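Have a look at the structure below, then the notes.
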Amino acid sequence: MEKNRAQWGSKIGFILAAAGSAVGLGNIWKFPGRAYEGGGGCFLLIYLGMVVLLGAPLMLSELSVGRASQTNIVGTFRKLGHPCFSWVGWMGVTGAFIITCYYSHVGGWVLRYVVGYAAEAPKIYGDSLGYFYEMLGLHADGAASFPWLTLLFAGIFMAVNAVVIIRGVESGIEKFNKVGMPALFILLLVLLTRAVTLEGAKPGIEYMVSLDWSKVTFDTFLAALGQAFYSLSIGMAIMITYGSYLPRTENIARNTGLICAMDTLVAVLAGFIVVPAVFATLGAEQIGKGGGFAFVSLAKVFQQMPGGTFFGVLFYLLLLFAALTSCMSLVEGIVAFLTEHFAWPRKATTIAVCAAMFAIGCLYTCSQAAYPIKGVWFDAANGVSFPAFCDAMEFLTDRIMIPVCALGSCLFVGWVWKPEKAVAEIEQNGVRFALAKVYTVIIKYVAPVAILTILVMSFATGMTLS
Ligand code: PFF
């Protein structure tokens, strides 16, 4: 163990922090819409398969690599294997940086909606789409204005992250998660009770357990795999950083199981909240409409639900906790790298990096609706295109950087560092890892082939992000 390196103060602290990283906007905002589009019960089964078969082995690999190296994500690849693999770490930090730029802004929108529901719910109910666009600086008459208020909320969201990260691993991240995660579970249970007891919720519940395989296509498998990686915070090397703060006494195999189970449970519960609630209040055709869905369609749900405004505030608070704990894991991954690699001071680095990410994120918010800022993109089906800057950012991370970094981690553990070393790391302190053989086959063969398939298919079929 290197001296002076931060460590988690307790077992539960680590598990909650890692689960806090995994449970985020991906679970509560993206998952329900994906589950609906993928045929309800069928998607749930496919998703569970992806988590068990690919997600958990990859998370276990990242945690064991991190704990073995006890260093940041770039240093890890240098220290344990071959310096030529440090590109995986660089891609991880760069991806984490880009994700944080927009994740923090969506976090700001969520904060704005917490305040919006508490202070001016009738305005949201009156014109939910108009309210959403106005938040982004586009007014009903088509005029655009600088969305300074929304940017202020994003700034506050980012500042909270910075304060927690400056406080450090144990007294910042761990303490926050120890309160935030139980709060999130309580809010989730309250909302679940409300949603499933709504009149008309039954068809939604039935849909979520129905097995209609006619809706399942190859794309459903791709969507489930991409969603599983994103949701488990895999492929950004964040779990490598969190693993590096783990003492050797921890059973990482069991911890991986717990973190994956918690993350999946939250996603499934969110599905059983949102889908039945939308069925009860709106009708099935309104669900699964991508980004604006959590902000626009759900307004009608809360409008029609008894006690809806109160539950609206609760829902966005839930989303806010989830987003905060995920965002801080991203910032920690970046700050840990910068402070260790360049020996920069933690406080100044955190402030500078958060300010930079906030500034770039302003382009993300502004390019949503108010300003036509363009990015550039290429895929085999559509050639060169110029999507909105915000979409280009998400394509780059979700479709390329996460899978490429995950692939790099698999190849590294499977073929460079070798699965035997990972198993030896897992089996410290008398732990017996019964699935060692299965794990070895997955990490060497199954996972790289599956990830490569996503990458190739994403390019070949054109990129549509929902
Ligand atoms: N897992 C988070 C979510 O589901 O929202 C997002 C995320 C956090 C992705 C951290 C990647 C990461 F490294």
Side-chain angles (χ1 to χ4, degrees), residues 16-35 47 50-51 55-56 58-59 61-63 65-66 72-73 88-107 109-110 157 161 164-165 173 177 180-181 184 188 223-244 256 259-260 262-271 291 294 318-337 357 393-394 396-406 408-409 465:
L16 290 180
S21 167
V23 173
L25 296 170
N27 303 59
I28 301 163
W29 176 23
K30 284 190 185 166
F31 184 86
R34 288 247 160 94
Y47 182 81
M50 295 295 179
V51 170
L58 254 156
M59 183 184 287
S61 300
E62 291 199 1
L63 287 176
V65 161
N72 63 78
I73 50 188
V88 182
W90 282 103
M91 180 159 290
V93 202
T94 316
F97 184 93
I98 301 173
I99 291 193
T100 316
C101 294
Y102 65 78
Y103 210 89
S104 57
H105 275 255
V106 180
W109 306 355
V110 174
F157 182 90
N161 272 287
V164 174
I165 295 300
I173 306 175
N177 276 284
M181 287 305 284
L184 184 141
L188 204 61
L225 188 54
Q227 174 70 23
F229 281 5
Y230 187 86
S231 186
L232 294 170
S233 299
I234 286 168
M236 283 290 102
I238 294 304
M239 288 299 167
I240 293 184
T241 309
Y242 272 25
S244 75
T256 299
I259 298 161
C260 291
M262 276 197 232
D263 186 62
T264 308
L265 182 69
V266 173
V268 172
L269 289 182
L318 174 76
L319 215 50
L320 186 68
F321 277 130
L324 267 171
T325 52
S326 295
C327 196
M328 64 189 57
S329 73
L330 289 159
V331 180
E332 175 61 27
I334 301 162
V335 168
F337 162 67
M357 293 187 293
M393 266 173 115
E394 290 185 38
L396 187 64
T397 51
D398 296 13
R399 295 291 175 129
I400 298 196
M401 298 181 102
I402 291 183
V404 170
C405 186
S409 301
L465 253 201

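Note that the structure is predicted; figures quoted are calculated from it, not measured. In each ligand, atom 1 is the first atom listed, and ligand 1 is the first ligand listed. The analysis underlying the following values was restricted to heavy atoms, covering all of them including side chains, and did not include hydrogens, waters or symmetry mates.
Ligand 1 lies under 4.0 Å from heavy atoms of S21, A22, G24, L25, G26, N27, Y103, Y230, S231, S233, M236, I238, S326, S329, L330.
A donor atom on one side chain and an acceptor atom on the other are found under 3.5 Å apart for S233 and S21.
With sequence neighbours excluded, the residues satisfying ring-ring contact (aromatic ring centres under 6.0 Å, His included) with Y47 are F31. Remark: F97 pairs with no residue by the ring-ring contact (aromatic ring centres under 6.0 Å, His included) rule, at least two apart or across chains.
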Inset, instruction - Let me see the working for I73 and W90 under side-chain contact (heavy atoms from CB on, under 4.5 Å), right down to the final yes or no. - result: CA-CA 8 Å; I73 50 188; W90 282 103; over 6 Å; no
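The salt bridge (charged side-chain N to carboxylate O under 4.0 Å, His left out) pairs that include a residue from residues 17-27 number zero, where partners must be two or more places apart or lie in different chains.
Aromatic ring centroids of Y102 and W109 lie 6.0 Å or more apart.
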